[in-house]
Amino acid sequence: MRYLPLTLLPVVYAQQHAFETKQELWTAKYGAQADLSYTGPLSYSHLPYTRCLDDSSTTFDIAVLGMPFDTTTSYRPGARFGPYAIRSGSRRQSAGAGYALEWMTNPYTRAEVIDCGDVPISPYDNALAVDQMETAYTTLLARPVNGSASARTAKLAHDGVEHPRILTLGGDHTIVLPILRSLHQVYGPISVIHFDAHIDTWPSLGGITEQSRVTHGTFFTLAFEEGLMSNTSIHAGIRNKLQGPELIEHDEEVGFELIMAEDIDNLGTDEIVKHIRQRIGNSPVYLSFDIDTIDPSQAPATGTPEPAGWTGRETKRILRGLAGLNFVGADIVEVAPAYDNAGDITGILAAGLADDFLALLVTDEPPKRQVKRRQSLADEL
């Protein structure tokens, strides 16, 4: 074996160091290989993407988690592609350009938010799928928080410990049953703010098998039977037809009050916000949002569309009014992109609503915009 003379070692090291630190042509000329809004790996709002169920070392305050499940739908399937569609719709969003004028804040600067990927859910066995969703949610809910966000959940949790919050991308609405089971382990009975065209409290009796009782229209009844919910929940945006008024009596028994879609014409958004806040109070609350809340002219890509819904602007204004409630989690469900138009308007709107949910999770009160007084024509004259 031959060795270099000691006198030559500094020269060799200097040459190696110069080679290692010399920038390549692209970096020297243009800098980092940055992703554009329409390039790069697909994650929600270009967030860091981690398979969190495999990697327990990555900490976060808020996780974006996909649940691609749609095998309990009653009409049009396809919501298993919802997480993909919402992420795709978020491509023009980013943490670096996340300041929302309506909210007057950037939620990404107030918490560590990451995309935890999708839960690998069985498309063949619904009982297995529901357990997989509950297990995944419970696993992430037990992770330590990053600590970048102000403490919000410790005062609500039975163990007095701060827990992360999860923004779930569905998936059909059945995903809320395993989510409420997980949340109940930490917080006890949960109040639910349920934006939807349908009440989803159908009686679950009469199924041929026990598993057939679990559908995207019965999950709230099952949650009530399991004691997962408080009796201070509320629907918003309802406009579906029913078999009869006895179903509204059952809905009230499950613990819901009802805000109809048409109530916005008589009450306005401010009164709707006031009513929701009074109903929920200081209880731990979960926000569940079915995209069919929105009129199908703006959100056609859903499994059970209903005409005469709210607009995106009306809904976003109501959401801002709910800031400061004790949110322990949120979801957006029933996006089925096969029914969208060529402009992907449903996925884009769903992604924008999900950004509003992030703001709800990190803000303490509704934003107070200072609108400058505009000079009227009379003043000018």
Side-chain angles (χ1 to χ4, degrees), residues 45 60-64 93 95 97-113 145-157 160-168 183 186-195 230 232-237 257 259 263-264 267-289 293 310-332 349 351-373:
S45 294
F60 50 85
D61 300 305
I62 300 172
V64 178
Q93 301 173 183
Y99 184 89
L101 292 174
E102 302 90 343
W103 283 97
M104 297 189 296
T105 192
N106 180 346
Y108 299 97
T109 64
R110 303 179 64 169
E112 182 67 21
V113 187
V145 295
N146 178 274
S148 300
S150 59
R152 294 178 181 276
T153 64
K155 63 181 180 181
L156 306 169
V161 173
E162 189 75 9
H163 290 264
R165 268 87 57 81
I166 300 172
L167 169 55
T168 309
L183 290 171
V186 175
Y187 302 106
I190 305 292
S191 297
V192 177
I193 301 174
H194 176 223
F195 285 83
S230 72
T232 55
S233 296
I234 191 166
H235 303 294
E257 282 192 2
I259 296 175
D263 288 338
I264 200 168
L267 301 177
T269 56
D270 290 347
E271 281 299 313
I272 288 176
V273 167
K274 181 179 178 181
H275 191 73
I276 294 174
R277 295 186 71 96
Q278 289 176 341
R279 176 69 173 170
I280 299 301
N282 294 322
S283 63
V285 59
Y286 183 78
L287 173 65
S288 187
F289 194 101
T293 305
W310 288 345
T311 67
R313 185 177 66 249
E314 290 166 342
T315 305
K316 289 165 79 69
R317 182 164 183 167
I318 292 170
L319 289 170
R320 290 195 297 274
L322 303 180
L325 295 176
N326 291 321
F327 288 104
V328 295
D331 68 58
I332 185 161
L349 175 58
L353 290 167
D355 244 26
D356 289 320
F357 301 165
L358 291 178
L360 279 174
L361 295 178
V362 299
T363 51
D364 297 317
E365 61 181 359
K368 297 180 175 63
R369 290 183 60 196
Q370 299 297 323
V371 181
K372 294 182 179 179
R373 179 179 178 272

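All values below come from the heavy atoms of this structure, side chains included, with hydrogens, waters and symmetry mates left out. If you read the sequence from its start, that first residue is 1, and numbering goes on from there.
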Trainee: Once you round to the nearest 0.5 Å, how far does OG of S288 lie from CD1 of I332?
Mentor: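 Reported value, rounded in 0.5 Å steps: 9.5 Å.
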Trainee: With no hydrogens and no angle check, is any side-chain donor or acceptor of E271 less than 3.5 Å from a backbone partner on G268?
Mentor: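 It does not hold such a pair.
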Trainee: Could you check if a side-chain atom of I193 sits within less than 4.5 angstrom of a side-chain atom of F327, using non-hydrogen atoms only?
Mentor: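 They are in contact (side-chain heavy atoms under 4.5 Å apart), so the answer is yes.
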Trainee: Minimum heavy-atom separation for N282 to L156, with atom names?
Mentor: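 It is O-CD2, 4.3 Å.
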Trainee: When you compare the side chain of R317 with that of D270, does any pair of heavy atoms fall below 4.5 Å?
Mentor: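 In contact.
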Trainee: Kindly indicate whether the side chain of R320, heavy atoms from C-beta on, has any atom under 4.5 Å from the side chain of K316.
Mentor: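 Heavy-atom side-chain distance check passes, below 4.5 Å.
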Trainee: Could you go step by step and tell me if I234 and H275 meet the side-chain contact (heavy atoms from CB on, under 4.5 Å) rule?
Mentor: CA-CA 9 Å; I234 191 166; H275 191 73; 3.6 Å; yes
Trainee: Where do T105 and P107 come nearest, in terms of heavy atoms and distance?
Mentor: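 In this case the closest contact between T105 and P107 is O-CD, 3.8 Å.
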Trainee: Provide the closest heavy-atom pair for I276 versus A236 in the form atom of the first, atom of the second, distance.
Mentor: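 It is CD1-CB, 4.5 Å.
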Trainee: Once rounded to the nearest 0.5 Å, what's the spacing between atom CZ of R165 and atom CG of L183?
Mentor: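 The CG atom of L183 is 11.0 Å from CZ of R165, to the nearest 0.5 Å.
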Trainee: Can you see which heavy atom on P164 is nearest to which on V145, and at what distance?
Mentor: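 What the structure gives for the nearest pair is N-CG1, 3.4 Å.
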Trainee: Rounded to the nearest 0.5 Å, how far apart are CG of D356 and CG of L361?
Mentor: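 That separation rounds to 11.0 Å.
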Trainee: For I272 and D263, which heavy atoms make the closest approach, and how far apart are they?
Mentor: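 That closest heavy-atom pairing would be CD1-C, 4.5 Å.
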Trainee: Answer yes or no: is there a side-chain heavy-atom contact under 4.5 Å between Y108 and V362?
Mentor: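 In short, these two side chains do not touch, never coming nearer than 4.5 Å.
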Trainee: Roughly how far, to the nearest 0.5 Å, is CD1 of I190 from OG1 of T232?
Mentor: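 Reported to 0.5 Å precision, the distance equals 10.0 Å.
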Trainee: On a heavy-atom basis, which atom in T363 and which in A323 lie closest, and how many Å separate them?
Mentor: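 In this case the closest contact between T363 and A323 is OG1-CB, 3.5 Å.
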Trainee: Residues two or more places apart in sequence or in another chain: which of them pass salt bridge (charged side-chain N to carboxylate O under 4.0 Å, His left out) with D61?
Mentor: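 Here no residue qualifies.
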Trainee: What is the distance from atom CG of L349 to atom OG1 of T315, rounded to the nearest 0.5 Å?
Mentor: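 So the CG of L349 and the OG1 of T315 are separated by 8.0 Å.
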Trainee: Is there a donor-acceptor contact under 3.5 Å from the side chain of E162 to the main chain of R152?
Mentor: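 Here the side-chain-to-backbone pair exists.
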Trainee: Testing L167, L319, D331 for side-chain contact (heavy atoms from CB on, under 4.5 Å) with L287, which one passes?
Mentor: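 Single side-chain contact (heavy atoms from CB on, under 4.5 Å) partner of L287 among L167, L319, D331: L319.
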Trainee: Measuring only between side-chain heavy atoms, which start at C-beta, is S45 closer than 4.5 Å to D355?
Mentor: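 With C-beta onward as the side chain, the pair touches.
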Trainee: Supply the atom-to-atom distance I264 CD1 to I318 CD1, rounded to the nearest 0.5 angstrom.
Mentor: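 If we round to the nearest 0.5 Å, I264:CD1 and I318:CD1 are 4.5 Å apart.
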Trainee: Please enumerate all residues that pass side-chain hydrogen bond (donor to acceptor under 3.5 Å, both in side chains) together with H163, with sequence neighbours excluded.
Mentor: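 With sequence neighbours excluded, H163 shows a side-chain hydrogen bond (donor to acceptor under 3.5 Å, both in side chains) to D159, given in chain and number order.
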Trainee: Using the six-membered ring wherever Trp is involved, compare the ring planes of F195 and W310 and label them parallel, tilted or perpendicular (cut-offs 30° and 60°).
Mentor: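 Perpendicular.
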